[in-house]
Amino acid sequence: MTLTSDEIQAILREARHFPHPSAAAIEALNVVQRSHGWISDELLQEIAELLGMSPAELDSIATFYNLIYRRPVGRRVIHYCNSVSCWMLGAEDNRRHLSEKLGIAVGETTGNGEYTLLPIVCLGACDKAPVLMIGDETHFNVDPARLDDILGETGAP
Amino acid sequence: MDKPLTRNIKSDGSTVTLAEYLASGGYEGLKKTLAEFAPLDVQQRVKDSGLRGRGGAGFPTGLKWSFVPMGEDAPRTKYLVVNGDEMEPGAFKDRLLLEGDPHQLIEGVVIAAYAIQANIAYVFLRGEYRLAAARLRQAIAEAEAQGLLGEGILGSGFSLDLRLHTSAGRYICGEETALLNSLEGKRANPRAKPPFPQVSGLFGKPTIVNNVETLCNLPHILRNGVEWYKGLSRTGEPGTKIYGVSGRVRSPGAWELPMGTTAREIIEEHAGGMRDGYRLKGYLPGGASTDFLLPEHLDIPMDYGSIGKAGSRLGTGTMILLDDKTCPVQMVLNLERFFAQESCGWCTPCRDGLPWTVSLLEGLIEGRGRPEDLATLERLCGLLGPGNTFCALAPGAMEPLQSALKYFRADFERYLQPQTTRGGMYA
Ligand SMILES: Cc1cc2nc3c(=O)[nH]c(=O)nc-3n(C[C@H](O)[C@H](O)[C@H](O)COP(=O)(O)O)c2cc1C
Ligand code: SF4
Ligand code: FES
């Protein structure tokens, strides 16, 4: 895996917005993750070089954030909120249903590479708990029956 | 009842367009500001209004601005940063403002930047707020096209470049100095203070960090005046507040109400009361990092001073309810797991103390608790309390724990009894 020229251009464009290119670290990681799905060691090294940082420095940032993946993930990541209001209103029932339906535990990816199941902290929609994100889309007031509908629509097994 | 911040927000969830915003008197506050007031006048007005920061700490906004160097000798580059991280469990008020009426925020940003004479502003937005990011990006482009942002705003000599930064998800980034490190592309550990960001903040330049809701108050204060603003409130603390309720109520949500509305009114009238079969046992009045209060506190006005006197904090004003069928010890464990996971790991008491707290609570719940564990938990509340850690994350984490130990002691002690006598109070 190497950076495409589009990615390099996008990173350099972001870097120009700041006094130091390294300030665009998150932007750069986001740009690359959007097309590659996750940040491999090789990609991390290339990005670090572009931003004038050491790979270790960039890695300490990449590993710090919940939404930067340093391991391969499925095409769509299911982030289910397990913070307090969702926990109270059924997040664990949803988690169990997802695990059974997709045949994966938390942290795993389905065999067809479609879904990865991960917890996430409060998604800022506690009035519509339980909440989860599938890819870029947030779903509110989710229960197992709704999950079946949602996954049906997005073409799950 | 006046609801300046949410008056344009639509119930169908769609956003307010620039045309709609202008038609409702939008950007009038900015026009008036640029035409009639000098930057220091704006600072004075905001000081006089009594506006306090809505990010959780309640620091007076005008006073905060007044520490920024002004005048000829001040650094040429200054920054205004919008704190839109909103990652504290239970908080969902800024999302409403960001998605519902992005131009109101932009107008507030320009006014604040003008008041401190900053020419670059950043919105630091949590990465999961995809819809808010898209709407804000669109609104910024519209504002630039209409001369409401950019060079010489509305024909004045004031220019402002506004940029959106979407974060990648970490609660500590909401702490204002960690936010600045994150924005600089550094690991988001908090910074030592002093120097305060007002003097040396982003890239070492004078910087103000303000919360989304704080900034959304500004257009209205500047347009309608200080007396009007004070009249919105029911108490000595001015303005309105966006209050929220989550938990087992009939209609959870967020509502803009006069500052000082009581929790009883918010829960019973706006959130529809508890769901059938559930009774209120306690509540965190201002989000995950505030102390529990009890039903006996429901008639206390929800403002900074009154909630403080009752032993908690107004925080974000978004409350989380504990009902009589949810175990308070398990609820606290859920909260402490959050804080332990989100600790930045910079200082020892927090890095080691939060996982220790979690393991004590887990042990208790799994029936491995010892009588001395409760005393250890109490000691941890002190060790991780104010003054003992590098930032306010750990003291905030201890607030629900210390108050639960005080108010729900019997629930903790229940776990120390043999399994057979614990009783099936909770499912
Ligand atoms: C751990 C932690 C997380 C915080 N998260 C936020 C946040 O998401 N949004 C926010 O506005 N303030 C947050 N704050 C408070 C900020 O440090 C700061 O006080 C606030 O942004 C100042 O804005 P204001 O004066 O307008 O309230 C947090 C504080 C701490 C200690
Ligand atoms: S209190 Fe916790 S979050 Fe704050 S600096 Fe220390 S380790 Fe980091
Ligand atoms: S607790 Fe799940 S969205 Fe806030």
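Throughout, protein chains are lettered first and strands after them, A, B, ... in sequence-line order, and every chain is numbered starting at 1.
- Residue B:Leu284 does not touch chain A at all, counting heavy-atom pairs closer than 4.5 Å.
- Only the side chain of B:Arg130 comes within contact range of chain A, with at least one heavy atom under 4.5 Å from a heavy atom of that chain.
- Residue contact with chain B, scored on non-hydrogen atoms closer than 4.5 Å, is absent for A:Ala24.
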* Please report the C-alpha distance between A:Thr116 and A:Tyr69 in whole Å, then the side-chain angles of each, then the deciding distance to 0.1 Å, and finally whether the side-chain contact (heavy atoms from CB on, under 4.5 Å) criterion is met. => CA-CA 11 Å; A:Thr116 299; A:Tyr69 312 124; over 6 Å; no
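- For A:Val131 against A:Ala125, the heavy-atom pair with the smallest separation is CG2-O, 3.4 Å.
- Counting only N and O atoms by type, the side chains of A:Asn141 and A:Arg146 include no donor and acceptor under 3.5 Å apart.
- Residue contact with chain A, scored on non-hydrogen atoms closer than 4.5 Å, involves the side chain of B:Glu342 exclusively.
- Only the backbone of B:Lys186 comes within less than 4.5 Å of a heavy atom in chain A; its side chain stays farther off.
- The two residues B:Arg187 and A:Ile61 come nearest to each other via the heavy atoms N-CG1, 3.9 Å.
- A:Met88 touches chain B through backbone and side chain together, each having a heavy atom under 4.5 Å away.
- Using modelled atom types, one finds no donor on one side chain facing an acceptor on the other under 3.5 Å when comparing A:Thr4 with A:Asp6.
- Two residues are said to be in side-chain contact when any heavy atoms from C-beta on lie closer than 4.5 Å; B:Glu213 and B:Thr316 fail this criterion.
- Residues B:Leu98 and B:Ala132 come closest through the heavy atom pair CB-CB, 3.9 Å.
- In this structure, no portion of B:Ala288 lies under 4.5 Å from any heavy atom of chain A.
- B:His165 and A:Glu27 share a side-chain donor-acceptor pair at under 3.5 Å.
- Heavy-atom distances place both the backbone and the side chain of B:Ser182 under 4.5 Å from chain A.
- With a threshold of 4.5 angstrom between heavy atoms, A:Leu123 approaches chain B through its backbone and through its side chain.
- Proximity to chain A (any heavy atom under 4.5 Å) is shown, for B:Thr166, by both the backbone and the side chain.
- Neither the backbone nor the side chain of A:Leu58 has a heavy atom closer than 4.5 Å to any heavy atom of chain B.
- Contact of A:His79 with chain B is not made at all, since no heavy-atom distance falls under 4.5 Å.
- Every residue was checked against the side chain to side chain donor-acceptor pair (under 3.5 Å) condition with A:Glu57, not counting sequence neighbours, and none meets it.
- Residue A:Lys128 qualifies as enclosed at atom NZ: its count of foreign heavy atoms under 6.0 Å is above 12.
- Using a 4.5 Å cut-off between heavy atoms, A:Asp136 contacts chain B through both its backbone and its side chain.
- Checking side-chain atoms of B:Ser403 against main-chain N and O of B:Asp291 turns up no donor-acceptor pair under 3.5 Å.
- Considering all non-hydrogen atoms of both residues, B:Phe92 and B:Gly244 come closest at CZ-CA, 4.0 Å.
- Only the backbone of B:Val245 comes within contact range of chain A, with at least one heavy atom under 4.5 Å from a heavy atom of that chain.
- When every heavy atom of A:Ser99 is checked against every heavy atom of A:Leu117, the shortest pair comes out as OG-CD2, 3.7 Å.
- B:Asp94 has its side chain out of reach of B:Arg54: every pair of non-hydrogen atoms, C-beta onward, lies at least 4.5 Å apart.
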* Yes or no on side-chain contact (heavy atoms from CB on, under 4.5 Å) for B:Glu88 and B:Thr318, after CA distance, side-chain angles and deciding distance? -> CA-CA 10 Å; B:Glu88 172 144 326; B:Thr318 39; over 6 Å; no
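- Within residues 31-55 of chain A, the residues having any heavy atom less than 4.5 Å from a heavy atom of chain B are, in residue-number order, A:Met53.
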* Asked: Taking it one step at a time, do B:Met319 and B:Ile267 satisfy side-chain contact (heavy atoms from CB on, under 4.5 Å)?
  -> CA-CA 9 Å; B:Met319 30 183 149; B:Ile267 294 169; 4.1 Å; yes
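- Among B:Arg248, B:Arg163, B:Arg95, B:Met87, the residue making the largest number of heavy-atom pairs under 4.5 Å with chain A is B:Arg95.
- Residue contact with chain A, scored on non-hydrogen atoms closer than 4.5 Å, is absent for B:Tyr171.
- When each of A:Ala28, A:Ser22, A:Ala129, A:Cys81 is scored by its heavy-atom pairs under 4.5 Å with chain B, the top score falls to A:Ser22.
- With a 4.5 Å cut-off on non-hydrogen atoms, B:Ala188 touches chain A through its backbone and its side chain both.
- Only the side chain of B:Asp323 comes within less than 4.5 Å of a heavy atom of chain A; its backbone N, CA, C and O stay farther away.
- Residue B:Arg337: no heavy atom, backbone or side chain, is found under 4.5 Å from chain A.
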